[in-house]
Amino acid sequence: MGKSDAEFLKALLATFKVEAREHVRGISAGLIELEGAVEPERRAAVVEVVFREAHSLKGAARAVNLTVIEGLCQSLESVFAAMKRGELDPSRPVLDRLHRAVDGAERLIEEESPKQPESRALASELGRELGRLLAEAVVPAREAIAAPAQVPDRAESARAEAPAAVEPAPRPAKAEAAAPEGKAAPDETVRIPVSRLEHLLLQTEELLTAKLAVAQRAVELHDVTGELSRWKQERSRAQNAARSIKGSRERGGTSGEQERQDIFEFLEWNDAFAASLESRLHALSQAIDRDERTVSRMVDNLLQGTKQALMLPFATLTEIFPKFVRDLSREQGKDIRLRVVGAATEIDRRILQEIKDPLIHLMRNCVDHGIETPEERKRAGKPAQGTITLNISERDRSKVEVLVSDDGAGIDVARVRKSAAKLGILAADASMSDQEVLPLVFESGVSTSPFITDLSGRGLGLAIVQEKTAKLGGSVRIESAPAKGTTFRLLLPLALATSRGLLVRAAGQSFVVPTNGVERVGAAREDEVQTVENRETVLVGGQAVSLVALEAALELEPKRTEAKPPERFPLVLLGTAERRIAFRVDEILGEQEVLVRGLGPQLERVRNVSGAAVLGTGKVVPVLDVSDLMRSAIRAAAAPRREVPEEPAAAERRSILVVEDSITSRTLLKSILETAGYRVRTATDGFEGFVAVREERFDLVVSDVDMPRMNGFELTAKIRADRKLADVPVVLVTALESREDRERGIDVGANAYIVKSSFDQSNLLGVIKRLL
Amino acid sequence: MSENAKPDRPRSSGNEARRELLRERAREMARSAQADETTGDHLEVVEFLLAHERYGVESRYVREVYPLKELTPLPGTPPFVLGIVNVRGQILSIVDLKKFFDLPHKGLADLDRIIILHDEHMEFGILADSLLGVRRIPAEGIRSSFPTLEGIRGEFLLGVTPDRTIVLDGAKLLYHEDIVVKEKEGS
């Protein structure tokens with residue numbers, strides 16, 4: 001077989017697996033529904049569905065030549081056919097055996113090479129079992145019609161064998177229970193309706209007009225630039241004329257009539273040129289405004305469309321749940337059914353993926369701690385079968401509410417109190433109402449379970465549920481009533497793709513705070529800050545809230561400020577209804593859409609930072625993690641406050657301009673000089689540096705030599721040539737260490753010359769001190 | 001092949017600087033030719049300057065070299081993480097080997113380059129004061145220990161060449177557990 005053939009087969013098998021998984025899930029879901037379905041019509045409909053699924057699976061297996069699976073499906077199909085004909089009753093024992101066969105089929109599907117002898121053995125064992133089932137089924141049905149004596153021995157032997165076949169085959173129970181969360185589909189695919197894709201294509205095609213428009217604007221701008229260079233030519237001709245007039249005057253001549261004429265012509269032409277340039281630029285800027293509106297509408301639509309394409313119904317996630325609940329409850333000797341309502345609700349695929357584990361955990365909680373054993377339930381006067389309900393519904397067009405509720409015993413609040421008291425979260429005699437104690441189950445370590453099982457009881461699960469939901473920008477609440485049951489209420493955003501963020505500054509740096517973690521923004525006056533138990537608090541909306549400086553929570557050095565701190569400072573209130581903290585920031589720069597990206601593989605997890613956003617300017621800004629930040633803030637508030645060193649008055653502080661193109665050197669020089677008490681401004685090359693010294697008075701300039709646009713020698717020469725700046729000391733810091741360079745530095749008027757390779761900060765500071 | 005430290009920017013620092021540049025290039029070329037003459041196994045290394053020492057890392061671990069223009073420092077990271085940068089839309093973290101290896105802080109950088117190290121699962125940039133070029137060096141000429149070498153932990157070293165280029169072990173760098181920042185959940 002050629003390589004391409006092998007690859008083709010591999011691709012076929014991958015496609016088969018995806019399809020087969022769907023059929024298997026369909027059959028499992030159908031079997032579970034059969035357990036609960038009582039109306040004959042509904043039953044018949046479900047049997048029809050599973051029959052078709054088995055039939056389709058058989059066809060798919062045949063297409064890729066997986067005869068083992070094909071054979072097993074044939075047997076399944078026969079059993080379902082018998083059910084259709086009414087010859088086999090879908091009783092619990094029958095359904096149990098069918099489940100086992102479907103599990104077996106699933107294992108065969110997931111295997112790498114389903115042609116191994118063990119696989120064949122498994123398949124034929126399952127096939128035989130289904131055969132026995134069929135034999136059992138057909139006989140009682142016939143018994144009813146025909147004489148019982150006709151096939152007695154066959155029926156007898158089948159019955160004798162049957163229990164033996166049911167009892168053993170101990171399933172690897174733990175592995176199965178874990179399967180729905182552990183086994184992520186290796187080659188994930190998404191089904192998207194063609195109509196949606198066509199819509200997307202249409203929108204993408206529309207972008208072509210944007211491309212053309214941009215190309216057109218580029219041509220127009222080039223034209224304008226070309227006009228300008230023509231203007232420069234004309235101007236230099238006029239300048240030459242002016243020079244020649246001046247020259248001839250000095251020589252006492254009176255000629256230059258032609259030149260004068262030239263200058264007048266230029267001035268007239270110049271007026272016309274300026275007017276034409278103005279109108280062209282005006283038209284161009286209007287056109288670009290128009291383009292901007294069009295493009296932003298197109299991009300928004302495309303983004304919206306793509307988001308919608310990535311939306312999936314909850315059903316893709318919940319179809320595995322009934323089986324999961326069923327298997328888990330069997331293991332614990334409980335009888336529980338799962339009711340799923342609103343599975344057609346659509347949500348962002350990534351949210352669906354992230355919320356899977358929390359939902360499984362919540363259902364496991366219901367099975368483990370919520371719903372009682374059938375005996376207990378009977379004693380309490382409840383139906384023996386417990387019910388877990390998963391109710392999904394859309395809220396406010398931008399949120400989805402997921403209710404996970406059980407009709408079990410409710411949460412034992414006394415146990416929560418005890419567990420929380422043990423952990424020191426709650427004083428043993430604290431006078432908190434049950435309603436206030438209940439949310440403590442979300443605290444790490446709090447558990448109501450008296451013993452630890454493999455599944456739950458360590459008190460970590462609900463803490464993780466809360467953290468995961470919060471990361472998605474959602475929230476979770478709990479309601480519980482004794483003997484009636486417990487409800488977890490999850491509120492999730494509908495989409496994740498872009499989120500909005502609040503751009504703030506702290507310690508001289510910019511940060512993005514995800515808007516969905518922000519309760520409000522505001523401002524407070526210094527005299528409104530009150531210290532309670534040695535911690536700062538501030539009133540927000542009439543309530544006292546802890547106040548923490550963002551830079552302290554982030555463990556950043558506070559930025560030295562120019563003057564006295566302003567009387568009012570901005571603050572951002574973060575958190576949930578239960579726990580809120582006001583963060584003091586230097587500045588709130590505004591809110592905008594941000595695309596949050598990961599920090600790269602080397603930074604797997606960084607405290608307080610969940611990712612990075614690239615702003616419109618190309619600048620990279622860290623995105624803060626609100627739940628981390630809350631924890632850090634509590635720690636920062638508890639730590640003793642750092643004394644900010646006394647600042648000399650702004651007037652006394654000397655100011656230095658650092659001109660350096662290397663970002664690391666620039667940062668290092670700035671921090672050395674700031675630590676030494678100077679006020680520092682930076683520029684990235686000589687040109688920028690010269691603009692800065694003309695704008696603002698500096699006491700000294702420290703400049704690199706080798707820089708683009710304008711080097712340090714040129715900058716020094718320009719400073720010396722300017723009457724107002726001539727006496728500002730200049731220190732050159734350079735990689736060049738030859739004697740000629742040093743001499744050139746002195747020639748252009750530098751006061752000191754420091755070589756980079758032997759740079760050390762005490763030397764620099766010493767030189768500066770001498771010069772100031 | 002030899003690329004000089006500052007090939008892509010107009011310089012205007014006098015004849016002497018240009019002469020020095022040419023001399024350096026000539027030296028580089030002579031060295032490359034020398035190395036290529038010897039037979040046997042060769043390593044292709046990207047050479048760079050760090051704290052005024054010559055370092056090399058095998059070119060198969062180098063994705064590209066990128067000028068460092070903007071840098072966003074991150075709070076809560078160890079000092080050797082310089083920050084993150086945007087490389088054509090991709091966010092990459094930058095490691096300062098001087099801090100990672102506890103090298104003495106000496107001198108000031110003149111031009112910052114990042115050498116992006118990568119393989120299938122890991123990717124980050126390391127800061128270099130300047131890039132010297134790509135060179136083939138004979139594998140046998142690398143000495144695995146060098147008594148006067150201080151600072152760098154031996155485990156990250158492939159060895160030292162006769163002309164004292166310190167050759168780093170790219171695979172070790174990419175996969176050492178100390179390089180990856182992984183704050184514990186909730187700590």
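Sequence lines set the chain letters: A, B, ... in the order given, protein chains first and strands last, and positions in each chain run from 1. Computed from a prediction, not measured in an experiment: that's the story for all the values here.
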What is the minimum heavy-atom distance between [X] and [Y], and which atoms define it?
X        : Y        : value
A/Gly598 : B/Ile91  : O-CB, 3.5 Å
B/Val180 : A/Pro601 : CG1-O, 4.3 Å
A/Pro622 : B/Pro73  : CG-O, 4.1 Å

Is the shortest side-chain heavy-atom distance between [X] and [Y] below 4.5 Å?
X        : Y       : result
A/Val606 : B/Val81 : no
A/Thr684 : B/Lys69 : no
A/Leu599 : B/Ser93 : no

Toward chain B, the part of [X] with a non-hydrogen atom under 4.5 Å:
X        : result
A/Asp704 : side chain
A/Glu660 : side chain
A/Gln602 : both
A/Leu624 : neither

Can you tell me how far apart CD1 (B/Ile94) and OG1 (A/Thr664) are? Round to the nearest 0.5 Å.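 Answer for the CD1-OG1 pair, B/Ile94 versus A/Thr664, is 11.5 Å.
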Could you measure the distance from the CD1 atom of B/Ile84 to the CG atom of A/Leu603? Nearest 0.5 Å is fine.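 Atom-to-atom, B/Ile84:CD1 and A/Leu603:CG are 7.5 Å apart.
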Does A/Val620 offer a backbone N or O that forms a donor-acceptor pair with the side chain of B/Thr72 under 3.5 Å?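 Yes: the side chain of B/Thr72 pairs with the backbone of A/Val620.
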Mark yes or no for whether A/Glu555, through its side chain, and B/Gly76, through its backbone, hold a donor-acceptor pair below 3.5 Å.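 Here the side-chain-to-backbone pair does not exist.
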Take atom OH in B/Tyr66; do more than 12 heavy atoms of anything else shown fall under 6.0 Å from it?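 Yes, OH of B/Tyr66 has more than 12 neighbouring heavy atoms, counting only those of other groups under 6.0 Å.
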More than 12 foreign heavy atoms under 6.0 Å from CD of B/Glu70: is that the case here?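 Atom CD in B/Glu70 is not crowded, with 12 or fewer foreign heavy atoms closer than 6.0 Å.
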With only heavy atoms counted, which part of B/Glu123 is less than 4.5 Å from chain A, the side chain, the backbone, both or neither?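 Interface part for B/Glu123: both.
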Can you tell which of B/Leu174, B/Leu74, B/Val85 has the highest number of heavy-atom pairs within less than 4.5 Å of chain A?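 That would be B/Leu74.
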